[in-house]
Amino acid sequence: QVQLVEPGGGLVQAGGSLRLSCAASGSIFSINAMGWYRQAPGKQRDLVALDISGGNTNYADSVKGRFTISRDNAKNTVYLQMNSLKPEDTAVYYCRAAGVLVTGLGHATNYWGNGTLVTVSS
């Protein structure tokens with residue numbers, strides 16, 4: 001089984017910075033993509049940033065220029081550096097690992113973390 005652990009949420013003032021991390025553990029052979037989604041109260045879960053193997057990254061328009069996703073493939077870990085935070089960035093942030101090949105398993109699977117709350121005060 002694969003687990004995603006996401007420490008790093010918290011409370012920050014508007015204009016501040018926060019760094020999230022997500023480490024995938026288990027008998028992992030490879031991961032195609034790792035990224036971050038967020039869900040604000042009463043809203044759907046939306047993509048924030050995605051890192052796809054091969055160097056491709058995607059960002060939501062609302063975070064471009066403020067957030068940066070990075071990945072350490074050797075550690076199966078993805079990071080999200082969030083700068084110039086705004087109150088509207090307040091949400092539960094979920095880590096996602098997609099296209100995970102587990103040793104001994106013949107197909108790829110996707111996984112979600114449990115989420116970490118980020119609160120930005122005005």
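Pairs engaging residues 90-105 under the side chain to side chain donor-acceptor pair (under 3.5 Å) rule: Arg38-Tyr93 [sequence neighbours left out]. For residues 3-77, the set of pairs meeting the disulfide bond (SG atoms under 2.5 Å apart) definition, not counting sequence neighbours, comprises Cys22-Cys95. Within the structure, every pair that satisfies the salt bridge (Lys or Arg N to Asp or Glu O under 4.0 Å) test and touches residues 54-64, not counting sequence neighbours, is listed here: Asp61-Lys64.
Every residue two or more places apart in sequence or in another chain that forms a side-chain contact (heavy atoms from CB on, under 4.5 Å) with Leu47 is listed here: Tyr37, Leu50. The salt bridge (Lys or Arg N to Asp or Glu O under 4.0 Å) test applied to Lys75 returns no partner, not counting sequence neighbours. Residues satisfying the side-chain contact (heavy atoms from CB on, under 4.5 Å) test with Asn83, not counting sequence neighbours, are Ser17, Gln81. In this structure Asn32 satisfies the side-chain contact (heavy atoms from CB on, under 4.5 Å) test together with Ile52, Ser53, sequence neighbours excluded. Judged as a salt bridge (Lys or Arg N to Asp or Glu O under 4.0 Å), and not counting sequence neighbours, Arg45 has no contacts. The side-chain contact (heavy atoms from CB on, under 4.5 Å) test applied to Thr57 returns Asp51, Tyr59, Ile69, not counting sequence neighbours. Partners of Gln1 according to the side-chain hydrogen bond (donor to acceptor under 3.5 Å, both in side chains) rule, which considers only residues two or more places apart in sequence or in another chain, do not exist here.
Contact between Gly113 and Leu4 at its shortest, heavy atoms only, is N-CD1, 3.6 Å. A pairwise comparison of heavy atoms in Leu85 and Arg66 identifies CA-NH1, 3.9 Å as the closest pair. Minimum heavy-atom separation, Ala97 to Ile31: CB-CG2, 4.1 Å.
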Carefully, step by step, assess Trp36 and Val63 under the rule side-chain contact (heavy atoms from CB on, under 4.5 Å). CA-CA 12 Å; Trp36 296 92; Val63 307; over 6 Å; no
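In the displayed structure, Asn114 atom CG is contacted under 6.0 Å by at most 12 heavy atoms of other residues, nucleotides or ligands.
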With a cut-off of 3.5 Å and sequence neighbours excluded, list every side-chain donor-acceptor pair involving residues 115-122.
from, atom 1, to, atom 2, distance (Å)
Thr116, OG1, Gly9, N, 3.2

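Cluster annotation: Val92 and Met34 are assigned to distinct hydrophobic clusters (Ile/Leu/Val/Met/Phe/Trp/Tyr, side-chain heavy-atom contacts under 4.5 Å, transitive). Leu80 and Val5 are members of different hydrophobic clusters when ILVMFWY side chains are connected at heavy-atom separations under 4.5 Å.
The CD1 atom of Ile28 sits 10.0 Å away from atom CD of Gln3, with the distance rounded to the nearest 0.5 Å. If you take CG on Asp89 and OG on Ser62, they are separated by 7.0 Å, rounding to the nearest 0.5 Å.
Other residues sharing the hydrophobic cluster of Leu101, ordered by chain and number and joined by side-chain separations under 4.5 Å: Phe29.
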